[in-house]
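Take a look at the structure set out below.
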Amino acid sequence: MSLRNLPLKGVYKSDNDNLLNDFYFKTLSVASQYDRAVGFFSASTISYAAQALSAFVKSGGTIRLIVGAFTEIDDLNAVREGYEMRASVLNSIGKDFLSEVDSVSDDLFHNRFETLSWLVANGRLEIKIALRRVGMYHDKIGIISDVSGDKIVFAGSANESIHALLPTYNYESINVFRNWIETHQEFCQPHIESFERLWNDKSDGTVVLELPEAVNQKLIQVSQATRQIPDPEIEKILAERNQGKRAFNESNDPIVPKLLNGEPFSLRAHQSLALNSWKSKGDGQGILALATGAGKTVTAIYGMVKVCETNASTLCIISVPYQNLADQWVEILSLFNIRAIKCYMSSTLWEQPLDKLIYNCKLEYAKLGVVVVVNRTLKSLKFQNQIHKLRSDSIFWIGDECHHHSSSSYSNSLPEARYRMGLSATPEHYLDESRNKRLADYYGEIVHTYTLKEAIEDKVLTPYKYFPHIVELSEDETEEFVELSDTISKLIARQGEKSFQENSTLKGLLMRRSRLIGSAENKIPKLKSVLANRNPSKHTLFYCGDGRTQMLEDELMNMNEDDVSDRETRQVEAVTSILNSMSWDVSRFTSEESKAVRVKILENFKLGLIDAMVAIRCLDEGIDIPACSTAYILASSRDPRQFVQRRGRILRRSPGKNIATIHDFIVVLSLKRSLKSEYAIRLIKSELTRVNEFASLSQNHFESYELLREVLVRYDLEHLV
């Protein structure tokens, strides 16, 4: 195949044409030489310029790439001829570019960047930088040649707004000219000659320099870490996924995807072991206690698909606590060619489709039907009436974050099902055995456990550093804490073996004490001091308590007189205010923001368009934010479930993320309190449960201990860490 034989159009527009498949892949797969000049030297431009280069990998040819950089330089000759000035300019360009590259966590972008890196490392691609005296070089042309000497010249534009960091947003329009057509010669030749002048640094008003050394080293480093030769099929799948073109196969049968998270898909060893244990130990029932981020969703779907291959007709019901988690399940199910019925929001949207699906399953017309339901809908009469129409031997039940189902309120809502799979990083309640018994009675025992330590050792999760920060309760807070603890102790003594959940007074007091610790007023000045010498950094998360905290005095000074009367503000607002004052670009992520707003915030966080999110509880379970690399945990909790979930959110793998950092704010009673204070010791012991869990697996365990040493020695608790 040659360029001359390809059925090419004269004009391509990305709103109507599939440029990647119909133009770039087709032409570059038969090319022997590719010359490309594009505009601004940025992460978005690199992704734009690198599209379909995975196809070029197999053709054996070479590429010359010119990208522009924004400068304001009075004397271009001084840059061209002066080594020191040239080095300074290139260093600045390289630093800005690498900072932007590191801020992007999109799979398609990193796939293309790896392809670019592979070509550079293998001597197939050379990159140069074009500078102008004012503004930047902004031409966008491409010249594709084959071994017979035929050439295609194309010229056009692409959207280079900030959103173009994700190739999803690129709008492109190109005109195509062929040099073997006589009437096209007058368009082809000027672009060919212009590129040669540029490449040889002979273009008036523009100086062309070598690639910054820092960028070149980054490309070599990425290439060495790339585990496989760039594959156009992988790029094609990622591009379609980014553009929302997740078309299902013509067949309705589930399939195991070839690609997942940008890599060829196969179950990891711990996932296979988990499914084997669920099948052999539990005979298709049981709980998988997999560390947060270890791929429990994919594990469950894969197991469901394999079980249903040998069954006549099965309805799989997946129950989740929240709608945003339900959306994630639906998204991942689509990768397995599974159209799930969304049983959440208005019942008018799902009642009829569910009725039809159940009817088809009863008649064995459908091999597999899948329903995703949120727990609130699960308990509704409309949903219960529907699922009771099916025999138990045709139901496959998956409970995500299954610990929610240990509540007595779910006793009559969980269906009889032949297959039952519970998923949770922390299935057992640390205080309430009655809840644990109810969970085991329905799901069966925990049949497989995969710990966070194992996940880090297996490189399933990211290693991390841990920095604890001591925060004293104020004297007033200390008094309130002691009073609450006295009352709680008396109630627990009267309670006996009954669950604390059954005593609303006790439950309320425990929540009040927990909020007191979570929103301790000294956390705000402590956070401010920790951040004092730090620049804003992208992909940072701030976990806040849902209580209220005293505002800082300097913040009160800047408030209107009418507002000063309210001296309390929610911790999330206080933290947001501090970050804004320190020039952080942040967004709040709480239950008060609408679903659409939260989706946008997560996208901006992933892209690095904002520095940080300030969140309360809605990020605790299920929400994937793998781009997060640094977290400040201001909301303290004794419940292992909460702090394990929060740590898991931070340790998920993401392109370019080699290590995570956790800052934890540890609460102790006022140091003015008597050293013999029983409650001071109890409080620090409860806090140290979390500290020990976090510190023991960190890369700086001994440093963590030193930061806590003064308090540990004070209370004779050095043995606890």
Side-chain angles (χ1 to χ4, degrees), residues 467-490 508-532 542-559 563-579 581-582 614 616-617 632-639 642-643 663-691 707-717 720:
F467 299 96
H469 304 283
I470 297 297
V471 177
E472 290 184 51
L473 292 179
S474 68
E475 290 190 54
D476 288 344
E477 287 171 332
T478 297
E479 289 303 320
E480 184 179 356
F481 177 87
V482 172
E483 289 175 10
L484 284 169
S485 298
D486 277 333
T487 307
I488 288 168
S489 295
K490 292 173 184 177
L509 290 169
L510 287 167
M511 290 179 64
R512 184 176 164 188
R513 188 174 66 177
S514 176
R515 285 191 173 187
L516 174 67
I517 296 170
S519 56
E521 64 182 72
N522 284 332
K523 286 184 178 180
I524 300 303
K526 173 62 76 171
L527 174 65
K528 198 167 186 178
S529 68
V530 170
L531 294 175
F542 293 83
Y543 272 118
C544 294
D546 53 5
R548 303 178 74 84
T549 184
Q550 294 289 328
M551 296 187 72
L552 296 176
E553 289 298 321
D554 58 350
E555 291 173 337
L556 291 171
M557 295 293 290
N558 295 323
M559 293 177 64
D563 296 326
V564 175
S565 59
D566 181 9
R567 293 180 57 86
E568 288 189 331
T569 183
R570 290 171 63 203
Q571 190 180 80
V572 67
E573 293 162 351
V575 171
T576 302
S577 177
I578 283 178
L579 294 172
S581 72
M582 299 176 116
V614 183
I616 306 183
R617 287 182 178 271
Y632 293 82
I633 302 178
L634 285 96
S636 306
S637 172
R638 292 177 60 193
D639 187 350
Q642 187 183 85
F643 64 71
H663 293 268
D664 195 6
F665 291 73
I666 312 302
V667 174
V668 300
L669 296 193
S670 170
L671 295 182
K672 296 178 181 178
R673 193 79 184 178
S674 168
L675 287 176
K676 297 179 181 179
S677 170
E678 171 189 357
Y679 295 115
I681 295 173
R682 285 185 184 180
L683 176 58
I684 189 63
K685 278 186 175 181
S686 68
E687 289 281 88
L688 286 174
T689 301
R690 181 180 77 254
V691 172
L707 292 170
L708 293 167
R709 189 172 183 277
E710 181 181 351
V711 172
L712 294 173
V713 170
R714 177 181 175 84
Y715 292 112
D716 193 25
L717 295 173
L720 292 182

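If you read the sequence from its start, that first residue is 1, and numbering goes on from there.
Taking Thr487 as the reference, nothing meets the side chain to side chain donor-acceptor pair (under 3.5 Å) condition, with sequence neighbours excluded. Shown here are the side chain to side chain contact (heavy atoms under 4.5 Å, CB included) partners of Leu707, two or more places apart in sequence or in another chain: Phe467, Pro468. Remark: Arg709 engages no residue in a salt bridge (Lys or Arg N to Asp or Glu O under 4.0 Å) (not counting sequence neighbours). With sequence neighbours excluded, no residue satisfies side chain to side chain contact (heavy atoms under 4.5 Å, CB included) with Glu483. Listed by chain and number, the residues in a side chain to side chain contact (heavy atoms under 4.5 Å, CB included) with Ser581 amount to none (sequence neighbours excluded). Residues passing the side chain to side chain contact (heavy atoms under 4.5 Å, CB included) test with Asp486 are Val482, Tyr679, sequence neighbours excluded.
A pairwise comparison of heavy atoms in Asp664 and Ile633 identifies OD1-O, 3.6 Å as the closest pair. For Ser474 against Glu521, the heavy-atom pair with the smallest separation is OG-OE1, 3.9 Å. Of all heavy-atom pairs between Glu477 and Leu516, the closest is O-CD2, 3.6 Å.
Between the Ser670 side chain and the Thr478 main chain, no donor and acceptor come within less than 3.5 Å of each other. A donor-acceptor contact shorter than 3.5 Å is absent between the side chain of Ser577 and the backbone of Glu573. Side-chain atoms of Ser485 come within 3.5 Å of backbone N or O of Phe481 as a donor-acceptor pair. Without hydrogens or angle criteria, Lys526 side chain to Val471 main chain gives no donor-acceptor distance under 3.5 Å. A donor-acceptor contact shorter than 3.5 Å links the side chain of Gln571 to the backbone of Gly518.
Here the CZ-CD1 distance, from Arg512 to Ile517, works out to 13.0 Å after rounding to the nearest 0.5 Å. Going from atom SG of Cys544 over to atom CD1 of Ile524 covers 7.0 Å, rounded to the nearest 0.5 Å. Here Leu484 contributes atom CG and Ser489 contributes atom OG; the two are 10.5 Å apart, rounded to the nearest 0.5 Å. Atoms CG and NZ, on Leu473 and Lys523 in that order, are 8.5 Å from each other to the nearest 0.5 Å.
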Give the intermediate values and the outcome of side-chain contact (heavy atoms from CB on, under 4.5 Å) for residues Tyr632 and Leu531.
CA-CA 10 Å; Tyr632 293 82; Leu531 294 175; 3.5 Å; yes

Quick one: do Ile470 and Leu708 satisfy side-chain contact (heavy atoms from CB on, under 4.5 Å)? Show the steps, please.
CA-CA 7 Å; Ile470 297 297; Leu708 293 167; 3.5 Å; yes

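Between Phe665 and His469, the ring-plane angle classifies as tilted under the 30° and 60° cut-offs.
Put simply, the side chain of Phe542 reaches to within 4.5 Å of the side chain of Leu527, judged on heavy atoms.
The neighbour count for Met511 CE, taken as heavy atoms of other residues, nucleotides or ligands under 6.0 Å away, does not exceed 12.
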